[in-house]
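What follows is one structure encoded as structure tokens, with my remarks underneath.
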Amino acid sequence: MGRKVTIAVCTLNQWALDFEGNLHRILQSIQEAREAGASFRSGPELEICGYSCEDHFYESDTLLHCWEVLLELLISPLCKDMLVDVGMPVMHKNVTYNCRVVFYNRKLLLIRPKMMVCEDGNYRESRWFSPWRKERVLEQYYLPRMISSYTGQTVVPFGDGVISTRDTCIGFEICEELWNPQSTHIAMGLDGVELIVNGSGSYMELRKAYVTVDHVKSATLKSGGCYLFSNLRGCDGQRVYFNGCSCIALNGYIVNRSQQFGLQEVEVVVATVDLEDIRAYRNAIRSRSHLAATSPAYPRIQAEISLSAEKGVGLPTCEPIEWIYHSPVEEIALGPACWLWDYLR
Ligand SMILES: NC(=O)CC[C@H](N)C(=O)O
């Protein structure tokens with residue numbers, strides 16, 4: 001039985017409404033993930049249109065262009081045999097949600113809407129998006145004709161579900177869901193979801209990296225599992241500077257990360273994880289196992305695919321790394337400098 005999976009998180013410097021540029025950066029990240037041997041690629045929040053589209057989220061054109069970009073991704077040979085997860089707004093029954101869209105070999109598997117939107121600091125998400133409040137409910141989403149004529153699908157599951165492959169189970173939470181006391185990864189972990197994926201749009205504030213990394217580590221410290229955190233980088237047209245720091249955690253330890261401040265517009269990091277390490281870690285915490293045995297199940301979408309390579313038994317797996325934080329003084333030097341650089345690009 002194959003059990004080692006190589007997964008990729010991506011840090012992208014997107015621009016609000018730069019559909020072509022955003023597509024190009026997403027494709028580059030998919031190519032880099034593929035070259036690094038990944039079978040799953042995730043990316044930041046609302047990466048197709050850019051996070052800071054503000055009132056352009058009210059325009060149907062913004063949603064339409066996202067579907068056009070998604071179509072380009074679906075047909076790209078770069079996505080062949082790779083499970084891909086991208087972020088974009090989707091309108092379902094006349095309500096706009098901030099979503100992850102997951103596809104494999106030209107078929108959409110799941111649209112997962114954000115369940116807790118963010119309103120702190122400079123965040124004003126509820127102005128444009130409603131949170132999906134139907135826990136463990138999947139509905140049918142009717143695909144736009146340009147997608148269905150290509151994929152042959154008329155509907156795709158939309159809502160709070162997870163994807164079961166032949167070798168593992170993958171669930172999604174979006175940015176603020178990690179920061180909320182009732183994070184969705186807790187219930188998903190208890191229900192046997194092994195890979196938990198978070199697409200984020202988290203901007204820089206002094207010392208925020210400590211908080212983010214603590215949240216990511218703690219997401220799998222008590223619950224076990226592998227957490228994939230992809231964040232935006234740089235300034236996408238608004239006032240804030242997104243904080244990078246994409247990372248992968250396994251059972252409470254960070255195993256790979258991207259830079260906090262960088263000038264690369266695309267940065268991909270991967271990790272090879274032994275799924276048996278998740279199972280052994282979880283099973284050893286007996287109180288967790290007893291709780292898991294009584295936890296309600298998520299609707300599962302069956303994907304007849306394997307993320308692990310059959311001959312990957314000998315692949316070297318990742319080791320914990322130490323996170324080297326910038327001091328506040330360095331952050332003050334680097335943050336505004338990168339913001340200004342970005343402003344000129
Ligand atoms: N986009 C979000 O949901 C942001 C979540 C979180 N509060 C942060 O600052 O990173």
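Just so you know, ligand 1 is whichever comes first in the structure, and atom 1 is the first atom listed for that ligand.
Proximity annotation for atom 6 (C) of ligand 1: of Met116, Glu176, His215, Glu176 comes nearest, heavy atoms only.
A salt bridge links Arg279 with Glu194: the closest approach of a Lys/Arg side-chain nitrogen to an acidic carboxylate oxygen falls below 4.0 angstrom. Salt bridge annotation for Arg100-Glu177: absent, with no cationic side-chain nitrogen under 4.0 angstrom from a carboxylate oxygen. The pair Asp55-Arg127 meets the salt-bridge criterion, since a charged nitrogen lies less than 4.0 angstrom from a carboxylate oxygen. Between Arg136 and Asp191 no salt bridge is recorded (no basic side-chain N to carboxylate O distance below 4.0 Å).
The aromatic rings of Tyr97 and Trp132 lie perpendicular to each other, with more than 60° between the two planes, well past the 30° mark.
With ligand atoms numbered from 1 in the order given, ligand 1 contributes 7 (N) to contacts under 4.0 Å with heavy atoms of Asp120. Residue-ligand proximity, Lys114 to ligand 1, at heavy-atom distances under 4.0 Å covers atoms 1 (N), 2 (C), 3 (O). Taking every non-hydrogen atom of Glu125 and a distance limit under 4.0 Å, the qualifying atoms of ligand 1 come out as 1 (N), 2 (C), 3 (O). Of all atoms in ligand 1, numbered sequentially from 1 with element shown, those under 4.0 Å from a heavy atom of Ser202 are 8 (C), 9 (O), 10 (O).
The shortest contact between atom 9 (O) of ligand 1 and any protein heavy atom is with Lys208 NZ, 2.7 Å. Counting only heavy atoms of the protein, atom 1 (N) of ligand 1 lies nearest to Glu45 OE1, 3.0 Å.
In Tyr51, the part holding a heavy atom less than 4.0 Å from any atom of ligand 1 is the side chain.
Considering backbone and side-chain N/O atoms, Cys175 never comes within less than 3.5 Å of an N/O atom of ligand 1.
Side chain to side chain, Asp167 and Ser308 meet the donor-acceptor criterion of an N or O pair below 3.5 Å.
By the ring pair (Phe, Tyr, Trp, His ring centres under 6.0 Å) test, Trp179 pairs with His215, sequence neighbours left out.
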